[in-house]
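Letters go in sequence order (proteins before strands), and every chain restarts at 1. Here the structure is a predicted model, which is why all the values come from computation and not from measurement.
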Protein chains: 2
Amino acid sequence: MVKNAPVCKSRSVGEYVDEVVSSLPSDEHIIELAEFLEAFGDSSRIKILLALSNHELCTCDISAITGLSVSAVSHQLRVLRDKKLVKYRREGRNIFYSLDDEHVADILSIASQHIEEEG
Amino acid sequence: MVKNAPVCKSRSVGEYVDEVVSSLPSDEHIIELAEFLEAFGDSSRIKILLALSNHELCTCDISAITGLSVSAVSHQLRVLRDKKLVKYRREGRNIFYSLDDEHVADILSIASQHIEEEG
DNA sequence: ACCATATTTGAACAATTGTTCAAACATAGT
DNA sequence: ACTATGTTTGAACAATTGTTCAAATATGGT
């Protein structure tokens with residue numbers, strides 16, 4: 001009837017289920033978390049973010065640095081803007097992008113550490 | 001000829017391009033970084049990871065906690081295993097999963113902070 | 001008003017994703 | 001050997017993704 005209804009018949013397991021359920025944040029928060037972290041999940045965007053950890057950069061310089069087309073960079077910057085990983089300011093014809101805050105750099109750095117340790 | 005060839009004609013911009021390029025890690029490292037962080041980028045997987053920050057859990061309890069089907073959980077656990085976000089151990093019929101290391105919990109926690117600050 | 005530069009946008013496309021379902025495999029108890 | 005429980009697997013499907021291309025928008029200089 002209830003399709004997803006589990007499951008463990010063993011009762012030594014499963015005693016903490018209610019406790020864990022009530023420790024979880026709201027679905028809304030979980031979705032925001034996933035959407036924020038999803039924005040890190042593409043090598044073009046990672047390359048852009050790593051470039052921005054060194055310097056504030058305009059769109060066309062990011063294109064030159066990453067080897068991506070200007071259009072591809074702009075599309076990815078939109079994702080990074082929408083998901084609040086980067087901020088920007090206009091200066092004449094150029095728009096300069098930078099990391100939104102330290103959290104973004106921290107996540108990149110922790111992820112780097114993790115990869116180096118795992119081999 | 002070269003399709004992606006940029007780009008900025010203004011020379012005040014772009015002087016640091018070479019410097020930033022040489023500061024970037026290898027493409028291989030960038031891809032590993034993206035693949036690791038991509039594994040955080042789905043609300044089902046985030047829910048699983050948050051549950052695991054509280055308790056070591058077996059597959060069917062994760063299913064009960066998250067409301068996902070056992071099969072869906074197992075598929076996602078495979079992603080999390082492959083990308084080294086979780087580890088596991090067998091105990092009889094059950095397989096207990098837990099976060100691979102502190103890095104994973106740290107990333108979840110920093111991302112949570114980020115979201116709360118941005119509103 | 002016009003032109004060049006810088007950037008964004010929208011449609012199109014192949015490629016990838018997450019879930020479901022049914023079937024398989026693994027372990028433990030009888 | 002058989003059965004029940006726990007978990008994984010593979011095929012299928014709709015939905016989403018990232019890039020390209022062509023066209024649009026924005027700013028500044030003449």
Going 5' to 3' along nucleotides 8-16 of chain C, which nucleotides have protein heavy atoms under 4.0 Å from the base (write B), which only from the sugar-phosphate (write S), and which from neither (write -)? BBB------
Side-chain heavy-atom pair A:L85, A:V79 within 4.5 angstrom cut-off: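 A:L85 does not reach A:V79 side chain to side chain.
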Rounded to whole angstrom units, what separation is found between the CG atom of B:L57 and the C1' atom of D:dG6?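 One finds 15 Å between C1' of D:dG6 and CG of B:L57, rounded.
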Holding to side chain to side chain donor-acceptor pair (under 3.5 Å), I want the full list of residues that pass it with A:H29, two or more places apart in sequence or in another chain.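 Partners of A:H29 by the side chain to side chain donor-acceptor pair (under 3.5 Å) criterion, ordered by chain and then number, come out as B:S112.
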Counting only side-chain heavy atoms from C-beta out, which of D:dT27, C:dT7, D:dA4 sits nearest to A:C60?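 For the A:C60 side chain, the nearest candidate turns out to be C:dT7.
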Consider the side chain of A:R90, meaning its heavy atoms from C-beta on, and name the nucleotide among D:dT27, D:dT19, C:dG18 that approaches it most closely.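 So the nucleotide nearest the side chain must be D:dT27.
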Taking the nucleotide of DNA chain D with the nearest heavy atom to each, does A:G92 or A:S44 sit closer to the 5' end?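 Nearer the 5' end of the strand: A:S44.
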Need to verify one output field. Residue with the more 5' nearest nucleotide on DNA chain D, A:A72 or A:R93?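 Counting from the 5' end, the first nearest nucleotide belongs to A:A72.
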Tell me every residue that passes side chain to side chain contact (heavy atoms under 4.5 Å, CB included) with A:S109, counting only those two or more places apart in sequence or in another chain.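 Here the qualifying residues are A:Q113.
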For A:F36, give me all partners under ring pair (Phe, Tyr, Trp, His ring centres under 6.0 Å), at least two apart in sequence or on another chain.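 Residues passing ring pair (Phe, Tyr, Trp, His ring centres under 6.0 Å) with A:F36: A:F40, B:H114.
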All pairs passing salt bridge (Lys or Arg N to Asp or Glu O under 4.0 Å) where residues 86-102 of chain A contributes a residue, at least two apart: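 Counting only pairs at least two positions apart or across chains, the salt bridge (Lys or Arg N to Asp or Glu O under 4.0 Å) contacts touching residues 86-102 of chain A are A:E56-A:R89, A:R89-A:E91.
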Provide the full list of salt bridge (Lys or Arg N to Asp or Glu O under 4.0 Å) pairs with a residue in residues 20-46 of chain B, sequence neighbours left out, each pair given once.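 Qualifying pairs, neighbours excluded: A:K47-B:D27.
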